[in-house]
Structure formats: C-alpha cells, structure tokens
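A quick write-up on the structure given underneath.
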Amino acid sequence: MSGMATLSTTARSGRRPQAAEYVDVLIVGAGISGIGSAYHLTRQCPGMSFVVLEAQESFGGTWHTHRYPGARSDSDLYTFGYRFKPWIGNPIATAAEIRAYLSEVIDENDLAGRIRYGHRIVSAAWSSDDNLWTVEAVRTDTGETVQIAAGFLWMCQGYYRHTEGYTPDWDGQDRFGGRIVHPQTWPDDLDLSGKRVVVVGSGATAATLVPSIAADCAHVTLLQRSPTYYISARNQNDLADTLRTLEVKEEWIHEIVRRKILYDQGAFTRRCFDEPDVVKQELLAGVRVHLGPDYDIGTHFTPRYRPWRQRIGFVPNGDLFQGIASGRASVVTDEIERFTKTGIELKSGATIDADVVITATGFNLNVLGDIAFVIDGKPLTFSDTVTYRGMMFTGVPNLAWVFGYFRASWTLRVDLIADFVCRLLNHMEVKGADKVEVALRPEDRGMPLSLWMDAEDFNPGYLMRGMHLLPQRGEAPEWRHTQNYWAEKDELPAIDLDDPVFVYGWTEDRRHAVNE
C-alpha cells in the first residue's frame, strides 16, 4: 500500500496548482463525523495525506455549538460512541462528557496536528483537467484566504447550520418586552432566576431544557404545537454494570452492550411498523406512570403520527415528567397567534405571561456546508443529483458525504461510511485511478425519481423545510438513503466497487505514471 501511495503523490505532484497546498483527502468538519473519519483514514489508508478543516475554534461540532443548560445526547453512548473507542459512563451523556470523549480520541490517535480550526470553507471547484478539487477557505482569525488542492473531499460537516437555529417569524415579536433566545446561540449573560420562561418546541432540546432550568425559574411552560413520543428509563445500563462487576475488559463490555442495544432497537423499530398501535399505547403508558391517571395525556403527550415517523425523545430518569408532576413546569399544547408586550397570545385565545421565551424550534438544514460548489466551471445544483445510498451523488466526482441515521445513532453510519470510503480510496490506488463518480446504470435510467426522504416514513420539520435542497432518490435500493442500519451494516461492506455504478477516470500523467 505504501508504494501505491507514493505513486499517487508522484503522479499528482506535477498537477498541483501553484498557489495551493495539496492533500490526498480533505475532511470537512471536526465534529463527531470528521474526527471518526480521520481516525479510520489513519488506520485504513496510512499512506495518504489529509487535513481536517473546521470553521469553529474547536472540535466537537454539535457538542461545541450547543451550550444551553443540560445539553446532552438523546442516543446512548454505547452506540453513539465509536466502535473503536469504548464508552465508560452513563448511557446518556452531557455535552461536556462527549467533548471529553472526542478529546481523548484526538489525543490518543495524534489527530490534533491534522485539524485546522477557524477555517471556513467558502468554495470548492472541481477540475476534470487534473481531477482535483481546489478548496478556498477563509481564516476566521485573520480574514486570510487559503487554498488547498485535494484529490478527494469527505464531507463531515453535519446537516444543520451552526451559526443560527430556526425560529419561525411570529407576529409581534418586536413588541415583546422580554427576551427571545434560541438554544443554539445561548447567551452567556442569560439569567433565568425567578423568571417566567416559555420553552417553545417539543423535541429533544425542549425536553432537555425544561427540567434543567425548572428549579431556577419562577415557572417554566413547555409550549408545543403538537406532542412528541417519549421513552423514559434510568440513565444506566444494567448489562454494562454487571459485566464491570465481573471485571470484564472495557473493550468487550463496549462491544457486547453495543450489540445488545442495537438488537433491542432493531426489534423495537420493526414493531413500530408492524404493530404501531400497540407500541403507541406502551409509550403512553410509560408517560402515565410518571404523571398519573388524571393528567391529560391525550392532549399533551399523544402525537398524531405513528411511532418513529419522527425521533422518539429519551427522558433519562423521567426528569421532564418529574418537573411537570412537581408543578415547577407545565405543558400547553396550542399554537402561537402573536406575541404581546408581556408574553404570548395563543390561537385558542389563552395567553401566557413570560419574561423569557426560548425557541427550541429546530435547525436550518445545511446542505454540503453552505459551500459554493463548482464542477468544471458550472455551479452544482445539489437537488439535481441522485443520491447513491445517501453518501455519493451522480455527477459529483471524488466526494462522499456523511449523513447518519435518524432511528439509530448517527455515529453508526460514520463508521460504516468510513469503511466504504477507505476501501474506495484503496481500490482507486490499486486501479491507478484518480477519479471516481457514481452514475445511473442502463437498468436505472428512466426509473421514477422522488424526494430524498418519504414523508410517510420520516418527517421532522427541519427535513421537510429543506427537502427541496437535497438530492433525489430512485426506486432501486442503491439510489436511496434507507435509514436502516440493520440492513446497511451488511450491505455497505458488501458493495462491489467494480459495479458499473462506479465510473473511474485517469488524467494523462496519472495514466502514464501507472503504466511506467
């Protein structure tokens, strides 16, 4: 492999743009996807040069951005953590604990020197003359523009815009005499002591915030347009605790517990499709245990959709429900008509007085990092492409995108895609190719195309708002992002890299170098 990597460097060195540094692979983003991908690249493609560009001033992505009270995972860390790095701690972790875990991965694998912080990528241009990407970034500390030429782009920037969250444009917001805050840009000077607080939203962020701030506020109201399904359980794993009592190695514990959780999650997901009404009643019964038989669960905790059409929130130790049962928090299910000087008027005519309104109303979908992509001088319209398994795209050469799972931990797909990308890069070295793109095969042409995600299958608001920006999907399984880890864990490793879906290419000097 080292000889092939040397050949790559030799063959490409004469094609580097004069003003640009060259790397074999450029990873975009130093969040959980980028750090994991960088690890796998060092292990599976040790001869390849690479760099990680991160717009923020530190690593962590979501776990660096989200600084609101109580910020935590809504997936267990045995599966949200990497397969190669055992998780030791409670299944649901705080943002600080996750950052510490990622810091250990960086330190233990000498990745710090590969990451450049404060580099905001503004454009990426592909040239078929030399089969290279030229990436232009702006240093956020100096304003300097830098260029890097890369043989392959690995997009690990996540799926939402970190600089601003999504807040609807409600009537009268400018009249409100209090403060309106989005959790994604939580201000350091916000003091909620003795304040009447309204948290607008019903997802994981809202469910995390309410119990975290309830003790400090005069009162906190969770205002939701429609309810969400929740699962409540203790924030510990009995199997892991038992194995630790038996002094089993942490690497073994991580793998055993990971497999058990994934087995249970797979069974639960199938039940959500096969017997949704039964699962619905089980979930509602779990809420009723905490709130009692007299609480109006029908209004406030019974969604209009079947389980798993949107993410199911996890409530560790029932903390959200404990806050409601104690009276420190309450739930209102209604829609906002307008803001007033002293609070919010609802469509039902009721009002809620507030000093602070926290809009836990979701994300702005980020498509390929808001980077201006150009291919051979033509701007890329991402929605005109067709996705190959949610990680490559027709007409876009030498690029892979990490988009994780909704019904399982995001990081499970980070590991799977990393295996695929590294195998693809090594395969290109063996073939002597310096270009690869996916293309519809003869049997695929003419197949019906549709939106990236079937709204009947999964339909969170942020995805529905940005669906028009995403690539299309086809009927054949290769041309869609199935969101099915339990199938992909076997399918992705079995992909035939010589299938006609993969079209390889060579520049002349590369071809000559290979022939020599």
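- Note that the CG atom of L399 and the CD1 atom of I375 stand 8.0 Å from one another [nearest 0.5 Å].
- No donor-acceptor distance shorter than 3.5 angstrom exists from the side chain of E57 to the backbone of Y117, with no hydrogens or angles considered.
- Taking the six-membered ring wherever Trp is involved, the centroid distance between the rings of Y405 and W486 does not fall below 6.0 Å.
- Atom CD1 in I344 sits 8.0 Å away from atom OG1 in T340 (nearest 0.5 Å).
- V138 is linked by a side chain to side chain contact (heavy atoms under 4.5 Å, CB included) to R120, V122, T145, counting only residues two or more places apart in sequence or in another chain.
- Side-chain atoms of Q483 come within 3.5 Å of backbone atoms of G404 as a donor-acceptor pair (strictly under, hydrogens ignored).
- In this structure, the side chain of T221 does not engage the main chain of L223 through any donor-acceptor pair within 3.5 Å.
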Taking it one step at a time, do S58 and H64 satisfy side chain to side chain donor-acceptor pair (under 3.5 Å)? CA-CA 7 Å; S58 186; H64 176 78; 4.5 Å; no

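- Put simply, the side chain of V356 does not reach to within 4.5 Å of the side chain of V198, judged on heavy atoms.
- At least one side-chain heavy atom of T302 sits under 4.5 Å from a side-chain heavy atom of I297.
- Atom CG of D454 and atom CE of M467 lie 8.5 Å apart (nearest 0.5 Å).
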Side-chain donor/acceptor pairs under 3.5 Å, residues 203-216, sequence neighbours excluded:
{"residue": "T208", "atom": "OG1", "partner": "R72", "partner atom": "NE", "Å": "3.4"}
{"residue": "T208", "atom": "OG1", "partner": "A204", "partner atom": "O", "Å": "2.8"}
{"residue": "S212", "atom": "OG", "partner": "T208", "partner atom": "O", "Å": "2.8"}

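- Scored by the salt bridge (charged side-chain N to carboxylate O under 4.0 Å, His left out) test, E136 finds no partners at all (sequence neighbours excluded).
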After noting the C-alpha distance and the side-chain angles of R465 and L365, does the key distance pass the side chain to side chain contact (heavy atoms under 4.5 Å, CB included) rule? CA-CA 8 Å; R465 289 192 301 271; L365 193 70; over 6 Å; no

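- For the pair E54 (side chain) and Q56 (backbone), a donor-acceptor distance under 3.5 Å is present.
- Side chain of T394 to backbone of T385: no donor-acceptor contact under 3.5 angstrom is found.
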Would you sort out whether S232 and H290 count as a side chain to side chain donor-acceptor pair (under 3.5 Å), showing the intermediate values? CA-CA 9 Å; S232 176; H290 291 279; 3.1 Å; yes

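- Judged as a side chain to side chain contact (heavy atoms under 4.5 Å, CB included), and not counting sequence neighbours, the contacts of S193 are D191.
- A heavy-atom distance below 4.5 Å is not found between the side chains of D171 and I336.
- Remark: aromatic rings of Y229 and F301 are distant, center separation not under 6.0 Å.
- The stretch residues 325-372 participates, sequence neighbours left out, in these ring-ring contact (aromatic ring centres under 6.0 Å, His included) pairs: Y159-F363, Y160-F363, W170-F339, F176-F339, F363-Y462.
- Contact record, L291 with F321: CD2-O, 3.5 Å, taken as the closest heavy-atom pair.
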Criterion side chain to side chain donor-acceptor pair (under 3.5 Å) on W479 and T387, from CA distance to verdict: CA-CA 6 Å; W479 301 109; T387 182; over 6 Å; no

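- For the side-chain contact (heavy atoms from CB on, under 4.5 Å) with Y230, the qualifying choice from L283, I312, L284, L320 is L320, the only one to do so.
- Here salt bridge (Lys or Arg N to Asp or Glu O under 4.0 Å) pairs that include residues 354-370, with residues two or more places apart or in two chains, are R161-D370, R196-D355.
- Between N237 atom CG and I261 atom CD1 the span is 5.0 Å, to the nearest 0.5 Å.
- To the nearest 0.5 angstrom, C156 atom SG is 5.5 Å from I27 atom CD1.
- A cation-pi arrangement, defined by a distance under 6.0 Å to the six-membered ring centre and an angle within 45 degrees of its axis, is absent between R258 and Y263.
- Pairs passing the salt bridge (Lys or Arg N to Asp or Glu O under 4.0 Å) check and including a residue from residues 399-409, sequence neighbours excluded, read R407-D457.
- Side-chain N or O atoms of R234 include none that pairs as donor or acceptor with a backbone N or O of P316 at under 3.5 Å.
- Between H481 and F403, the ring centre distance stays below 6.0 Å.
- Remark: the W410 side chain and the S33 side chain contain an N/O donor-acceptor pair separated by less than 3.5 Å.
- A distance-only check finds no donor-acceptor pair linking the side chain of R225 to the backbone of E335 [under 3.5 Å].
- Less than 6.0 angstrom separates the ring centroid of F393 from the ring centroid of F382.
- A heavy-atom distance below 4.5 Å is found between the side chains of S37 and V414.
- At distances below 3.5 Å, not a single donor-acceptor pair connects side-chain atoms of T381 with backbone N or O atoms of S383.
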Per-pair distances, 0.1 Å, donor-acceptor, side chain in residues 78-96, under 3.5 Å, sequence neighbours excluded:
{"residue": "Y78", "atom": "OH", "partner": "R244", "partner atom": "NH1", "Å": "3.3"}
{"residue": "Y78", "atom": "OH", "partner": "R244", "partner atom": "NH2", "Å": "3.2"}
{"residue": "T79", "atom": "OG1", "partner": "D76", "partner atom": "O", "Å": "3.4"}
{"residue": "T79", "atom": "OG1", "partner": "D76", "partner atom": "OD1", "Å": "2.8"}
{"residue": "T79", "atom": "OG1", "partner": "D76", "partner atom": "OD2", "Å": "3.2"}
{"residue": "T79", "atom": "OG1", "partner": "S409", "partner atom": "OG", "Å": "2.6"}
{"residue": "Y82", "atom": "OH", "partner": "I32", "partner atom": "O", "Å": "2.6"}
{"residue": "Y82", "atom": "OH", "partner": "G36", "partner atom": "N", "Å": "3.2"}
{"residue": "R83", "atom": "NH1", "partner": "D419", "partner atom": "OD2", "Å": "2.8"}
{"residue": "R83", "atom": "NH2", "partner": "D419", "partner atom": "OD1", "Å": "2.8"}
{"residue": "R83", "atom": "NH2", "partner": "D419", "partner atom": "OD2", "Å": "3.1"}
{"residue": "K85", "atom": "NZ", "partner": "E104", "partner atom": "OE1", "Å": "2.8"}
{"residue": "K85", "atom": "NZ", "partner": "E108", "partner atom": "OE1", "Å": "3.1"}
{"residue": "K85", "atom": "NZ", "partner": "E108", "partner atom": "OE2", "Å": "2.8"}
{"residue": "W87", "atom": "NE1", "partner": "G89", "partner atom": "O", "Å": "3.4"}
{"residue": "W87", "atom": "NE1", "partner": "N90", "partner atom": "O", "Å": "2.9"}
{"residue": "T94", "atom": "OG1", "partner": "E97", "partner atom": "N", "Å": "3.1"}
{"residue": "T94", "atom": "OG1", "partner": "E97", "partner atom": "OE1", "Å": "3.4"}

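- Residue pairs that meet the ring-ring contact (aromatic ring centres under 6.0 Å, His included) test with at least one member in residues 198-222, sequence neighbours left out, do not exist here.
- Applying the side chain to side chain donor-acceptor pair (under 3.5 Å) rule to pairs touching residues 173-184 yields R179-D189, sequence neighbours excluded.
- By the side chain to side chain contact (heavy atoms under 4.5 Å, CB included) test, T351 is found to be paired with E345, residues two or more places apart in sequence or in another chain being considered.
- Not a single salt bridge (charged side-chain N to carboxylate O under 4.0 Å, His left out) links E337 to another residue, sequence neighbours left out.
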